[in-house]
Amino acid sequence: MTAALALLLAAKPLWTDAPAAKERVAAPPASIAALVKSSMPAVVGIVATTARGGADPFREFLERMYGSGGGGAPSETPVRGIGTGFFIRSDGLIATNGHVIEGATDITVQVGEEERVYRATVVGQDDATDLALLRIEGDRPFAVLPLGDSDRLEVGEWVVAIGNPFGLSRSVTTGIVSFKGRRDVNPSGRPGYYDFIQTDAAINPGNSGGPLLDAHGAVIGINAAVNPSGQGIGFAIPIEQLREIGPQLAGAGHVVRSYMGVSVQESMSSDLAESFGVPGGKGVVITEVAEDGPGALAGLKPGDVVTVFEGEPVSDSYRLRWLTARTTPGQRVKLRIWREGKILEKTVLLLEKQGTARERPAAPVSLRRDQEPFGFAVDEPQRGDGETGRGLRVSSVDLRSNAFRSGVREGDLIVSVNGQPVADKLAYRKVVSSLPPVSRLYVRRGGKALFFALRREPAVTARVEPRPVADPAANPAK
């Protein structure tokens, strides 16, 4: 057994402490307001910071609101992206889209109506489904959304989307399911397993990773993309995909997939089915068989039509690829095929698909010691400053810190912490040696006085970006 499979078997199941979803109904909710009120505590905002240089709209907004603080903007600043997520376990496990956190060097999560900020770590990420799991540590259990059933979803059902479109947190839109099984769109532009729910509920940038809820408030999809050239065309990942691969993401950090060693045709027309003589005209045509692959060793041939996979009828290529990929490597599966007018049973030993693993993130790196405990460093004002003996100047601010997000800037004069004057470094060190959960800073900036509330920074503040490994999924059955 591989280490990944061992981790998978040991993984804690997802949604273990979520409330049970009620029987699903297609009618609109009796009260959208009540549904939203009960669901909102489990929805979080996500800010992902990458190391790329360029303009940062979050920084520009803060500078307009609070001023530059005299420190000047660095030549290159991190770029911040916004998204949404939701708790799937009360211990702080969060589901979101993979593209929301892709390439991030720092991830923070905003929880609750007060938008309390937590630093998040990446638990697992899967490029082929655009799904990711994050974790935060809290001092209390977090609210969890009920798990719905996207397989039983019907076109025309009412749905509710919650997210942070364009940074407008805690926004709610409603609509209906416009289509199920939308596989002819590729928002990311790269190979993957796409089986979208299409909805006319408004989904805009920032909604990505948020929940799509049914009429009872159960999660039936994860909002993923919008068609920018149209109106009322949004896409969500069915929650069944997370239900199936989530335990691997939570346990191993990546998804281990199987392959059969065959290529299949995307579709089989009625005329082609008639030419093969396939009963019922449904199945998936094998076009190539890799030499010495699992399919070849099982006796599969080009022209075989797969009609049943492990007891489940298959009529389209996507479903056969997905069933193959999600099966545990090393497992034997039974196929029913149609070959030259006969029904045959074949048993295939599936093998692990190479290149599907993503390395776990390396250990996070720490704040500079001189920037502890709030994420900024201080120095005593220089002679002639005019503020000597009145406080300490902020000499640098970590752009990933709560202090920067709260508005603290280089050049600010820290006058007091929790009401205690900090005229010099000795006084400052004495005050910060014993801090409550939230500290209050009194600051002077130019001719203005400001108060800031800051939480002590965790011991680590950033994750190192993992080295991605190719995850080819263009023809997963191959």
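Heavy atoms only: backbone and side chains are in, while hydrogens, waters and symmetry mates are out. Not measured: the values here are computed from a predicted model. Throughout, residue positions are numbered sequentially from 1 according to the sequence presented.
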Please check if the side chain of [X] supplies one atom and the backbone of [Y] the other of a donor-acceptor pair under 3.5 Å.
| X | Y | answer |
| --- | --- | --- |
| Q248 | V256 | yes |
| D424 | L426 | yes |
| N223 | P211 | yes |
| T84 | G206 | yes |
| S208 | V100 | no |
| K353 | A325 | no |
| R444 | A449 | no |
| S39 | V36 | no |
| D106 | A48 | no |

Partners of [X] by salt bridge (Lys or Arg N to Asp or Glu O under 4.0 Å), sequence neighbours excluded?
| X | value |
| --- | --- |
| E115 | none |
| K425 | D379 |
| D151 | none |
| R429 | none |

> Which one of I414, V415, V408, L413 satisfies the side chain to side chain contact (heavy atoms under 4.5 Å, CB included) criterion with V443?
Replying inline: I414
>> Run the side-chain hydrogen bond (donor to acceptor under 3.5 Å, both in side chains) test against E240 and tell me which residues pass, sequence neighbours left out.
In response: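 E240 satisfies side-chain hydrogen bond (donor to acceptor under 3.5 Å, both in side chains) with R243 once adjacent residues are dropped.
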[X] and [Y]: which non-hydrogen atoms are nearest, and at how many Å?
| X | Y | answer |
| --- | --- | --- |
| V144 | S90 | CG2-N, 3.3 Å |
| D412 | G407 | OD2-O, 4.2 Å |
| I162 | N207 | C-ND2, 3.9 Å |
| A250 | L93 | CB-CD2, 4.5 Å |
| I197 | P238 | CD1-CA, 4.0 Å |
| A95 | L242 | CB-CD2, 3.7 Å |

>> Distance check, rounded to the nearest 0.5 Å: T49 atom OG1 versus I107 atom CD1?
In response: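 Taking OG1 in T49 and CD1 in I107, the distance rounds to 8.5 Å.
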>> Are the side chains of V422 and V432 in contact, using a 4.5 Å heavy-atom criterion?
In response: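 They are not in side-chain contact.
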> If we only count heavy atoms from C-beta on, is the V255 to D126 side-chain gap below 4.5 Å?
Replying inline: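 They are in contact (side-chain heavy atoms under 4.5 Å apart), so the answer is yes.
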Results of side-chain contact (heavy atoms from CB on, under 4.5 Å) for [X] - residues two or more places apart only:
| X | value |
| --- | --- |
| P436 | N418, S439 |
| S31 | A33, A34 |
| P41 | A143 |
| E137 | R135 |

> Which residue pairs satisfy the salt bridge (charged side-chain N to carboxylate O under 4.0 Å, His left out) criterion with at least one member in residues 193-210, sequence neighbours excluded?
Replying inline: R183-D195
> Does Y442 have any ring pair (Phe, Tyr, Trp, His ring centres under 6.0 Å) partners at least two apart in sequence or in another chain, and if so, which?
Replying inline: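 Ring pair (Phe, Tyr, Trp, His ring centres under 6.0 Å) list for Y442, sorted by chain: F451.
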>> Taking ring pair (Phe, Tyr, Trp, His ring centres under 6.0 Å) as the cut-off, I'd like each qualifying pair that reaches into residues 111-142, sequence neighbours left out, listed once.
In response: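 Ring pair (Phe, Tyr, Trp, His ring centres under 6.0 Å) check on residues 111-142 returns F87-F142, Y118-F142.
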